[in-house]
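Worth knowing before you read on, the calculation uses all heavy atoms, side chains too, and leaves out hydrogens, waters and symmetry mates.
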Amino acid sequence: GFNNSFEIVRDAFCFCCFTGLRYSDAAKLRKSDVYREAVPPYISVVTKKTSKRLHIELNKYALAILDKYVNIPLPDDAAMPVLSNQLINSNLHEAAEVAGIDEPVNIVSYVGSERSEVVVPKYSVLTTHAGRRTFIVNALRLGIPAPVIMEWTGHSDFKAMKPYIKIVNDAKVENMERFNSF
C-alpha cells in the first residue's frame with residue numbers, strides 16, 4: 001500500500017506544481033472530478049477559496065500522479081491520498097532540509113505596527129503553496145500568456161499575478177547576465 005508519507009507528500013506537492021491547484025483543492029479532488037477519457041484529459045473543480053469552477057487540462061506529469069492511484073480505493077473517492085496540510089508542510093520542511101534547501105530567507109512580520117524581522121533557513125518556510133507558485137512561474141517561463149494561466153489558477157485580475165511576473169523578470173535579468181561570461 002501507500003503508507004510512505006514522503007511518497008504521498010511528494011505526489012500531492014508535485015500535483016500542485018503541475019496543475020496550479022491550491023493544496024485545499026488537491027485535497028478534496030475526487031476520482032469523479034477527473035475526466036480521463038476527454039481529449040485532452042482534464043479535472044473540473046470548484047475551488048474552496050473562491051467557489052469558482054476551474055477546468056484544468058492535465059499534462060502528462062499530473063496525469064501520471066493520478067494514474068498511480070486510479071485503482072486504489074481511497075476514502076471519499078479521493079483521486080489521490082492526501083495528508084493534512086500541517087502534516088504535509090512538516091514533511092516538506094523535512095524533505096527540503098535533507099535536500100539542502102537551506103539558503104537564508106528574511107521573514108518580516110508585524111504585530112500591530114511593531115515590525116520584526118527574522119532570518120531562517122528556506123526549508124523551514126516551505127509550504128504546499130510553493131507548488132502553486134512553482135506552477136505559475138514555470139508557466140510564465142514557458143511563455144504561456146498570463147490570461148491563460150489565470151484560467152487555470154482562477155486568478156481574476158493581473159494584480160494577483162504581479163508577484164509571479166516579477167519573479168520571472170528577475171530570471172530574465174539573471175539569464176541576460178550569462179552573455180557577460182560568454
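- Under the 3.5 Å distance criterion, with hydrogens and angles disregarded, a donor-acceptor pair is assigned to the side chains of Glu177 and Asn180.
- Scanning for salt bridge (charged side-chain N to carboxylate O under 4.0 Å, His left out) contacts around Arg36 gives Asp67, with sequence neighbours left out.
- Nearest heavy-atom pair across Tyr69 and Ala79 is CB-O, 3.5 Å.
- No side-chain donor-acceptor contact under 3.5 Å links Arg133 to the backbone of Tyr164.
- Between Pro121 and Ser124 the shortest heavy-atom distance is O-OG, 2.8 Å.
- Counting heavy atoms from C-beta on, the side chains of Lys28 and Arg30 come closer than 4.5 Å.
- Atom CD of Glu151 sits in a sparse spot, with 12 or fewer heavy atoms from other residues, nucleotides or ligands closer than 6.0 Å.
- Contact of the His155 side chain with the Ile149 side chain is not registered, since no non-hydrogen atoms from C-beta on lie closer than 4.5 Å.
- Heavy atoms only, all atoms of each residue included: Gly154 and Leu54 are closest at CA-CD2, 3.5 Å.
- Hydrophobic clustering (side-chain heavy atoms under 4.5 Å, transitive across Ile, Leu, Val, Met, Phe, Trp, Tyr) keeps Val125 apart from Val119.
- Looking at heavy atoms from C-beta onward, Ile88 lies out of side-chain contact with Phe13 at the 4.5 angstrom threshold.
- Of the possible polar contacts, one joining the Arg132 side chain to the Thr153 backbone as a donor-acceptor pair under 3.5 Å is found.
- Around the CZ atom of Arg178, the shell of radius 6.0 Å holds no more than 12 heavy atoms that belong to other residues, nucleotides or ligands.
- Contact check for Cys16 versus Thr128: no side-chain heavy atoms found under the 4.5 Å cut-off.
- A distance of 5.0 Å separates CZ in Arg10 from CD in Glu7, rounded to the nearest 0.5 Å.
- Pairing each heavy atom of Val82 with each of Ala26, the nearest pair is CG2-O, 4.1 Å.
- When hydrophobic clusters are built by joining Ile, Leu, Val, Met, Phe, Trp and Tyr residues whose side-chain heavy atoms come closer than 4.5 Å, directly or via intermediates, Ile72 is grouped together with Ile65.
- Note on Met161: it clusters hydrophobically with Ile144, by side-chain heavy-atom contacts below 4.5 Å among ILVMFWY residues.
- Within the 4.5 Å cutoff, no side-chain heavy atoms of Cys14 are placed close to those of Tyr61.
- Counting heavy atoms of neighbouring residues, nucleotides and ligands inside a 6.0 Å radius, atom CD of Glu117 exceeds 12 of them.
- At a threshold of 4.5 Å between non-hydrogen side-chain atoms, the residues Thr127 and Leu92 do not count as touching.
- The hydrophobic cluster containing Leu87 also contains Leu21, counting ILVMFWY residues as joined when their side-chain heavy atoms lie under 4.5 angstrom apart, directly or transitively.
- In this structure a side-chain-to-backbone donor-acceptor pair under 3.5 Å is present from Tyr23 to Asn85.
- Enclosure of atom NZ in Lys122 is not indicated, since only 12 or fewer non-hydrogen atoms of other residues, nucleotides or ligands lie within 6.0 angstrom.
- For the atom pair OH of Tyr42 and CD1 of Ile56, the computed distance is 12.0 Å after rounding to the nearest 0.5 Å.
- Put simply, the side chain of Thr19 does not reach to within 4.5 Å of the side chain of Asp25, judged on heavy atoms.
- Contact detail for Ser32 and Asp77: the closest heavy-atom pair is N-OD2, 3.7 Å.
- Side-chain atoms of Asp11 never come within 3.5 Å of backbone atoms of Ile8 as a donor-acceptor pair (strictly under, hydrogens ignored).
- What you find for Leu63 and Pro41 is that their closest heavy atoms are CD2-CG, 3.8 Å.
- Applying the ring pair (Phe, Tyr, Trp, His ring centres under 6.0 Å) definition to pairs two or more places apart or across chains, those involving residues 85-138 are Phe135-Trp152.
- Surrounding CG of Asn71 are at most 12 heavy atoms belonging to other residues, nucleotides or ligands under 6.0 Å away.
- More than 12 heavy atoms of other residues, nucleotides or ligands lie within 6.0 Å of CD in Glu103, so this atom counts as buried by the packing criterion.
- No chain of hydrophobic side-chain contacts below 4.5 Å, direct or via other Ile, Leu, Val, Met, Phe, Trp or Tyr residues, connects Val39 to Val70.
- Counting heavy atoms from C-beta on, the side chains of Phe15 and Leu66 come closer than 4.5 Å.
- Contacts classified as salt bridge (charged side-chain N to carboxylate O under 4.0 Å, His left out) and involving residues 43-52 (residues at least two apart or in different chains) are not found.
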